[in-house]
Amino acid sequence: AQSVTQLDSQVPVFEEAPVELRCNYSSSVSVYLFWYVQYPNQGLQLLLKYLSGSTLVKGINGFEAEFNKSQTSFHLRKPSVHISDTAEYFCAVSAHSSNTGKLIFGQGTTLQVKP
Amino acid sequence: DTAVSQTPKYLVTQMGNDKSIKCEQNLGHDTMYWYKQDSKKFLKIMFSYNNKELIINETVPNRFSPKSPDKAHLNLHINSLELGDSAVYFCASSQGGSGSYNEQFFGPGTRLTVL
């Protein structure tokens, strides 16, 4: 079984500051890793995903994430945030061996960007 | 064009009633999902269909019954609604039947309130 822990429920940050949203996972099998974003009153949208290869993954809107297998982490970063980045961010995993597409989500992190 | 659409967007009903939520995707995807997002924004998968075949059925009360008339539609019927069913329900779809690495595209959600 897999589980995902997002270490911060809320992250307040000022506009143009850097931000890191932390994600750790637990799994007995290899996993794919995802970050999704949910803007207010909307559905989720994929930011980026790690499948294999380079551990640094770049996504949309200037976000990137780094997969660290030894620390079972997949932290999301952005060097300079905008007001429009205010949203809920979800880290998720799915097992390599799964053929169902089942995603296990973390609890979410609310990013609040202040002017 | 909306990729994944859900109707209705809001649903307010009394305990004990039966209600349905409809989902349609025009992306040509083979797999569709239903997720439940509770008041703490935690997302959990409920069901998944691949080409009209049920492939994920999590520990959901049997008052919830998904129906897939074709691979572009996945509806959710809920019998004997309870207060605890109040949540936001998201439909999603992804390409391919065997890819746990595929991006899932989410609908805008249906906010169900049971009084």
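Lettering follows sequence order; numbering is per chain, from 1.
- Listed by first and then second residue, the salt bridge (Lys or Arg N to Asp or Glu O under 4.0 Å) pairs involving residues 86-106 of chain A are A:E88-B:K41, A:K102-B:E58 (not counting sequence neighbours).
- Interface with chain A: from residues 63-78 of chain B, no residue qualifies, criterion being any non-hydrogen pair under 4.5 Å.
- Residues B:Y35 and A:L103 have side chains in contact (heavy-atom distance under 4.5 Å, counting atoms from C-beta outward).
- Both the backbone and the side chain of A:L44 come within contact range of chain B, each with at least one heavy atom under 4.5 Å from a heavy atom of that chain.
- Contacts of A:Q45 with chain B are absent, with no heavy-atom separation under 4.5 Å from either backbone or side chain.
- No part of A:A92 comes within reach of chain B, as not one of its non-hydrogen atoms sits under 4.5 angstrom from that chain.
- Atom-to-atom distance recorded for B:N102:CG and A:F34:CZ is 8.0 Å, nearest 0.5 angstrom.
- Comparing B:Q37, B:K44, B:Q6 by heavy-atom pairs within less than 4.5 Å of chain A, the highest count is held by B:Q37.
- Heavy atoms of other residues, nucleotides or ligands lying less than 6.0 angstrom from NZ of A:K58 number 12 at most.
- By the criterion of side-chain heavy atoms lying less than 4.5 angstrom apart, applied directly or through intervening Ile, Leu, Val, Met, Phe, Trp or Tyr residues, A:F67 is grouped together with A:I60 in one hydrophobic cluster.
- Atom CD of A:E20 has more than 12 heavy atoms from other residues, nucleotides or ligands within 6.0 Å.
- Heavy-atom distances place no part of A:Y50 under 4.5 Å from chain B, backbone and side chain included.
- Here the straight-line distance linking atom CZ of B:F90 with atom CD of A:Q38 works out to 4.5 Å at 0.5 Å rounding.
- Listed by chain and number, the residues in a salt bridge (charged side-chain N to carboxylate O under 4.0 Å, His left out) with B:R111 amount to none (sequence neighbours excluded).
- Residue contact with chain A, scored on non-hydrogen atoms closer than 4.5 Å, involves the side chain of B:I56 exclusively.
- Taking 4.5 Å as the heavy-atom cut-off, none of the residues of residues 12-20 of chain B approach chain A.
- Looking at every heavy atom in both residues, B:F106 comes nearest to A:F105 through CZ-CZ, 4.0 Å.
- A donor-acceptor contact shorter than 3.5 Å links the side chain of B:Q104 to the backbone of A:G101.
- Note: the hydrophobic cluster containing A:L46 does not contain A:L21 (ILVMFWY, side chain heavy atoms under 4.5 Å, direct or indirect links).
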